[in-house]
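Remarks on the structure that follows.
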Number of protein chains: 2
Amino acid sequence: MGKDLIDKTDQKIMKLLQQDARMPLAKISQLISMSSPSVKERITKLEEKGIITGYRATFDLDKLDRGMTTFVMLKTEKCQRFIELCRKSKWITDLYRISGEYNFLLKIQTNSLLELKEIQNDLMEYGPSKSFIGMEQLISNQVDISYS
Amino acid sequence: MGKDLIDKTDQKIMKLLQQDARMPLAKISQLISMSSPSVKERITKLEEKGIITGYRATFDLDKLDRGMTTFVMLKTEKCQRFIELCRKSKWITDLYRISGEYNFLLKIQTNSLLELKEIQNDLMEYGPSKSFIGMEQLISNQVDISYS
DNA sequence: CTCCTCTTCCTTTTTTTATTAGGTTTAACA
DNA sequence: TGTTAAACCTAATAAAAAAAGGAAGAGGAG
C-alpha cells in the first residue's frame, strides 16, 4: 500500500530544500544533474506523501526582541486547560508532552526576565515546575536526511 | 545607525512567509494589498537586516523513521569535545547550553529505543544525565510576530 | 517470450512569477 | 524652499515554474 520509500535523489533534494526552501528548481536540477520537471515531480510526490510537510521562513529572535530562551518542565493535572493556555501564549514556541516526573516541556522565547516572570506566574497555578535558561543554541533543528 | 524597526506590513509579510516560505509575491501582495515589487523590496530589506535568516523545508519525522523524540539534560566538563560529538551525531537535532544543575539540553530524534540506547552509551562517559521521552508535540516552533 | 502498464525521466512550449526600470508622492531636514 | 531619501506605484522584461507530450526501462500477466 503506502510505500514511502525515498531514494538517494530524494534525499539530495530534501537536503537542499532544508537549507533553502526557496531554491529555484533550475538550481536544484543543476546541482543533482536532473531536469527541472523531474525535480518538480519528485518534490510534488514528497509533498503528496506527506514527507515534506511545509516551508517556513526563519527569523533572528534577537532582532525580534525574543532573544531569551527558557525551558520549563511542568507537572499538572489540568492538561486540557494548560494546553489551551500555551496555545494562546505569544511567548511559548514549543510544547511537548513528556514522560517522567513532569508532564510537559515548554520552550519560551521572551525579551527579558520581565515577561518570563509574568508567564511563570500564569504557569504556577497549574502545578510544580522547573526552569532552565538557554544560554546558547549550538545546534538548531538539523535533521540529517541520509538513509531514512 | 542600525534601526531594525519592523512595521505592521513587515509583520504581515513575515507571518505569511512563516506559514509558507514559498508563497508567490503576487499572492502576498494581494493578501496585504500592496504591489509585488514593494513586497519584494520589503522582503529583501528584512533579509539584509538579518531579521529573516532563511527558508527551510520541514519534514514528517515519523515518515523518515525519526519519530521518537527524546530530551536529555547532561552535565559535563568536557564541553568542547561534547559539542563536537553532538555535531557529528546524526540523531541530535538541537543542542542548548543551559543554566542550572545541567550544562546541556539535547533533543534527539531516533527511530526507536535501539538507537537511543547507543547514543546514551556515548553520552554516559561525559557525565550524569537525565532523559525524558517526548510523547507528543503540541506546539511546534510557532513564533508570534505581532508587535516586535 | 511478448504485450501491457506504470514509473521515471526527458525536451519543448506555455503560463506564471520575479525582477528591473522609471516615475510619483511624501516626509525630514538643512 | 530646495534637496534628499524612503516607500510606493505601473509597465516592461527576464526568469522560473508548470504543462504537454513522448521515450526508455522494469515488472507482471497471459
Side-chain angles (χ1 to χ4, degrees), chain A residues 1-60 62-65 143-148, chain B residues 1-60 62-65 143-148:
Chain A
M1 272 234 160
K3 65 160 158 43
D4 280 344
L5 289 174
I6 66 173
D7 66 11
K8 211 87 190 156
T9 307
D10 290 327
Q11 283 173 23
K12 285 186 201 159
I13 294 171
M14 288 167 74
K15 201 162 184 174
L16 291 169
L17 288 176
Q18 190 180 31
Q19 289 166 201
D20 178 8
R22 283 161 70 105
M23 185 178 288
L25 296 180
K27 189 164 175 195
I28 299 173
S29 80
Q30 183 203 320
L31 288 170
I32 68 169
S33 304
M34 174 180 271
S35 74
S36 60
S38 297
V39 171
K40 172 60 181 173
E41 201 180 351
R42 277 171 177 270
I43 292 173
T44 303
K45 278 189 186 152
L46 290 167
E47 289 167 351
E48 282 169 356
K49 287 183 197 160
I51 293 170
I52 294 177
T53 52
Y55 306 94
R56 313 178 118 198
T58 57
F59 309 126
D60 182 330
D62 281 318
K63 298 215 166 95
L64 297 176
D65 294 333
V143 180
D144 184 338
I145 311 295
S146 54
Y147 181 76
S148 295
Chain B
M1 273 232 159
K3 63 162 164 31
D4 280 343
L5 288 175
I6 66 172
D7 65 11
K8 211 88 191 156
T9 307
D10 290 329
Q11 284 173 24
K12 285 186 202 161
I13 293 171
M14 289 168 73
K15 200 161 186 175
L16 291 170
L17 289 176
Q18 190 181 33
Q19 289 165 204
D20 177 9
R22 284 161 65 108
M23 185 177 289
L25 295 180
K27 189 165 175 194
I28 298 174
S29 80
Q30 184 203 318
L31 288 170
I32 69 169
S33 304
M34 174 180 271
S35 74
S36 60
S38 297
V39 171
K40 173 62 181 170
E41 200 180 351
R42 277 171 178 269
I43 293 173
T44 304
K45 278 187 186 154
L46 289 167
E47 289 167 351
E48 282 169 357
K49 286 183 199 162
I51 294 170
I52 294 177
T53 52
Y55 305 94
R56 310 179 117 197
T58 57
F59 308 126
D60 181 330
D62 281 317
K63 299 218 165 92
L64 297 176
D65 293 333
V143 180
D144 184 336
I145 311 296
S146 53
Y147 180 78
S148 294

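No hydrogens, no waters, no symmetry mates; every other heavy atom, side chains included, goes into these values. Order of the sequence lines sets the chain letters (A, B, ...), proteins ahead of strands, with each chain counted from 1.
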Which pair of heavy atoms, one from A:F59 and one from B:M14, lies closest together, and at what distance?
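A:F59 and B:M14 have their closest heavy atoms at CZ-O, 3.4 Å.
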Which pair of heavy atoms, one from B:M34 and one from B:S29, lies closest together, and at what distance?
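Looking at all heavy atoms of both residues, the shortest contact is O-CB, 2.6 Å.
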Taking only side-chain nitrogens and oxygens of A:K45, does any of them come within less than 4.0 Å of OP1 or OP2 of C:dT7?
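False: A:K45 side-chain N/O out of range (4.0 Å or more) of C:dT7 OP1/OP2.
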Measure from [atom1] on [X] to [atom2] on [N] and round the result to the nearest Å.
| X | N | atom1 | atom2 | result |
| --- | --- | --- | --- | --- |
| A:L17 | D:dA17 | CG | P | 11 Å |
| A:D10 | C:dT7 | CG | C1' | 13 Å |
| A:I6 | C:dT8 | CD1 | C1' | 17 Å |
| A:L46 | C:dT8 | CG | P | 11 Å |
| B:E47 | C:dT19 | CD | C1' | 14 Å |

Tell me, which of residues 20-43 of chain A have any heavy atom that sits under 4.0 Å from an atom in DNA chain D?
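Close to the strand are A:P24, A:L25, A:A26, A:P37, A:K40.
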side-chain contact (heavy atoms from CB on, under 4.5 Å), paired with B:I32, selected from B:K12, B:Q11, B:R42
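Passing option: B:K12.
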Whether the side chain of A:S36 engages the backbone of A:A26 through a donor-acceptor N/O pair (distance < 3.5 Å, no angle test) should be reported.
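Checked: no pair found.
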Flag side-chain contact, heavy atom, 4.5 Å: B:D10 against B:I51
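Not touching, per the 4.5 Å side-chain cut-off.
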Mind checking side chain to side chain contact (heavy atoms under 4.5 Å, CB included) for B:K27 and listing every partner two or more places apart, or none if nothing turns up?
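In terms of side chain to side chain contact (heavy atoms under 4.5 Å, CB included), with neighbours along the sequence ignored, B:K27 is linked to B:M23, B:P24, B:L31.
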